[in-house]
Amino acid sequence: MSLQFVSSLSAVSRETSGEFGGALLGEPASGALPPWPVQRIFAPLLGATTAALHETWLTTLPMQSGRDEAIAWQRTDGVLYGVLELSEADFPATPACSSLQAASAEAYRRIFRLLDAQGMPHLWRVWNYLADINLEMQGLERYRQFNIGRQDAFLEYRRGAAGNVPAACAIGLSGGALNIAFMAGMTPAVPVENPRQISAYNYPADYGPRSPTFSRAALVYPAGQEILFISGTASIVGHQTVHPGDVVGQCQESMANIATVVDEANRQCRSSAFALNELVYRVYVRHAGDFPKVRATLKPLIGEAEVVYVQADICRHDLLLEIEAFASHVLEN
Ligand code: 3EB
């Protein structure tokens, strides 16, 4: 197995592995940051015993690291992880293009240039965080501005904006720069869609002038391994939000969507079938007060699975939570 995930919640021996990249969730840490690429996600943890939590990918393979295009990256022969922060203040708004749209397009252009330079063509999974995601500025909600910039860069770099697109999440924080982490590989991801939902890249224009550029899930293949990345998943059926104002209903609907995506992935996967109780979950809850209800609703659905709860904003004002997950299997040959 070439990549192994560890969090502060689980104790795994690091004796033979090196740190590849990861995330630091929670309150700003006072100590020094580790030398590997780390995405800092400044959002309150809910129900946690510590104020901050490290999630780290480890590998036993040789690594190379660098900093290009303001992206801190590290790679093996087959996989690259990078982290990029761009301050919107560095992208003056014009009447035709908001700061966030310009920063989003530039961020993805930089990612694609780095991947081209590294000969690492396939974007597998992207973690997007931006301030004030539901705020309307220059007449358009900021999430929709982000979607324009992101799609522009995919098209400009000839990636296509439908079908073969990475798994992703796009989450709102209370402040900070546009903050993007990504994992890319030498082999293509197998995108997975959800038959209960319209593909996000085909959403109608009601949700913004450009569609979001992500797949519902992706199966990816680091050496000797199959990872299922499930994108941020919310209470959406077709293209519509369902159970507005009902956090328990939204939680159940999100898990019904994840169960369906897992079933779809299992039709295409090369290892044994993935199960809901083996996934590692990250749950974003808009209102901290909803956390006990969300935890109680999830408990019977996911058993003893590892879950981290974070207070954050979701990309539609009527969504009260979003759930993402992943799991990793060893490939026999
Ligand atoms: C949705 O299904 C909910 O814009 O990258 C989930 C995952 C969502 C990723 C993104 C947005 C994104 O439309 C929102």
Side-chain angles (χ1 to χ4, degrees), residues 1-7 9-10 12 14 17-23 25 36-39 54-63 73-83 111 115 118 120-128 164-169 180-194 214-233 257-283 302 305-308 323-333:
M1 176 166 21
S2 64
L3 281 182
Q4 186 179 16
F5 177 87
V6 295
S7 80
L9 298 176
S10 57
V12 173
R14 302 189 178 199
S17 309
E19 287 88 354
F20 184 59
L25 297 120
W36 58 90
V38 174
Q39 181 173 44
H54 271 285
E55 295 186 337
T56 310
W57 294 90
L58 306 178
T59 181
T60 54
L61 299 175
M63 290 181 277
W73 58 266
Q74 186 152 233
R75 64 170 291 174
T76 63
D77 277 352
V79 187
L80 184 149
Y81 180 84
V83 179
I111 291 168
L115 296 185
Q118 291 293 321
M120 188 73 76
H122 305 285
L123 198 51
W124 286 351
R125 180 29 165 133
V126 188
W127 293 262
N128 302 286
N164 249 314
V165 290
C169 56
I180 301 178
F182 56 96
M183 195 181 282
M186 291 296 289
T187 54
V190 176
V192 179
E193 290 300 307
N194 179 350
F214 70 96
S215 59
R216 298 299 180 186
L219 287 162
V220 303
Y221 299 92
Q225 195 173 357
E226 177 171 64
I227 298 177
L228 171 61
F229 281 118
I230 297 179
S231 293
T233 303
N257 278 327
I258 288 182
T260 303
V261 170
V262 169
D263 285 346
E264 286 297 302
N266 285 338
R267 291 148 59 95
Q268 300 175 68
C269 75
R270 299 182 200 163
S271 63
S272 56
F274 291 90
L276 289 181
N277 64 1
E278 65 163 319
L279 301 180
V280 176
Y281 293 87
R282 193 185 289 175
V283 181
I302 66 174
E306 185 175 327
V307 196
V308 173
I323 305 174
E324 63 190 44
F326 78 91
S328 169
H329 286 174
V330 173
L331 279 181
E332 294 306 331
N333 45 41

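In what follows, residues are counted from 1 in the order of the sequence shown. Worth saying up front: this structure is predicted, and the values here are computed from it rather than measured.
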Distance-minimising heavy-atom pair for [X] and [Y]:
X	Y	result
Ala167	Ser215	N-OG, 3.4 Å
Asn277	Ala305	O-CB, 3.7 Å
Ser17	Gln4	OG-OE1, 4.4 Å
Ala23	Arg282	CB-NH2, 4.0 Å
Glu55	Val308	OE2-CG2, 3.8 Å
Gln268	Val190	OE1-CG1, 3.3 Å

State whether a side-chain donor-acceptor pair under 3.5 Å links Glu226 with Tyr221.
-> yes

If you define the side chain from C-beta out and look only at heavy atoms, does anything of [X] sit under 4.5 Å from [Y]?
X	Y	value
Asp77	Met186	no
Pro222	Trp124	yes
Leu279	Ile302	no
Tyr81	Gln39	yes
Glu19	Leu58	yes
Phe5	Leu3	no
Pro191	Val165	no
Arg125	Glu324	yes

Inset, instruction - Go through Ile230 and Tyr281 one step at a time and tell me if the side chain to side chain contact (heavy atoms under 4.5 Å, CB included) criterion holds. - result: CA-CA 9 Å; Ile230 297 179; Tyr281 293 87; over 6 Å; no

Check: Is there a donor-acceptor pair closer than 3.5 Å between any side-chain N or O of Thr59 and the backbone N or O of Ser2?
Finding: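 Yes; judged by distance alone, with no hydrogens or angles, the pair exists.
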
Review point. Distance-only, no hydrogens or angles: does the Ser231 side chain make a donor-acceptor pair with backbone N or O of Ala168 under 3.5 Å?
Key: yes

Separation between [atom1] of [X] and [atom2] of [Y], rounded to the nearest 0.5 Å:
X	Y	atom1	atom2	result
Gln118	Arg75	CD	CZ	5.0 Å
Asn257	Ile323	CG	CD1	9.5 Å
Gln225	Leu331	CD	CG	8.0 Å
Gln74	Trp57	CD	CH2	14.5 Å

(message) Can you classify the ring geometry of Phe229 versus Trp127 as parallel (below 30°), tilted (30 to 60°) or perpendicular (above 60°)?
(response) perpendicular

Does the plane of the ring in His329 sit parallel, tilted or perpendicular to the ring in Phe274? Use 30° and 60° as the thresholds.
parallel

- Given Val83 and Val38, is the side chain to side chain contact (heavy atoms under 4.5 Å, CB included) satisfied, shown in steps? CA-CA 7 Å; Val83 179; Val38 174; 5.8 Å; no

- Query: Is it true that Glu264 and Arg216 have a side-chain N and a carboxylate O under 4.0 angstrom from each other?
  - Reply: no

Side chain to side chain contact (heavy atoms under 4.5 Å, CB included) with Ile227: of Leu219, Val220, Val79, only one passes, and it is Val220

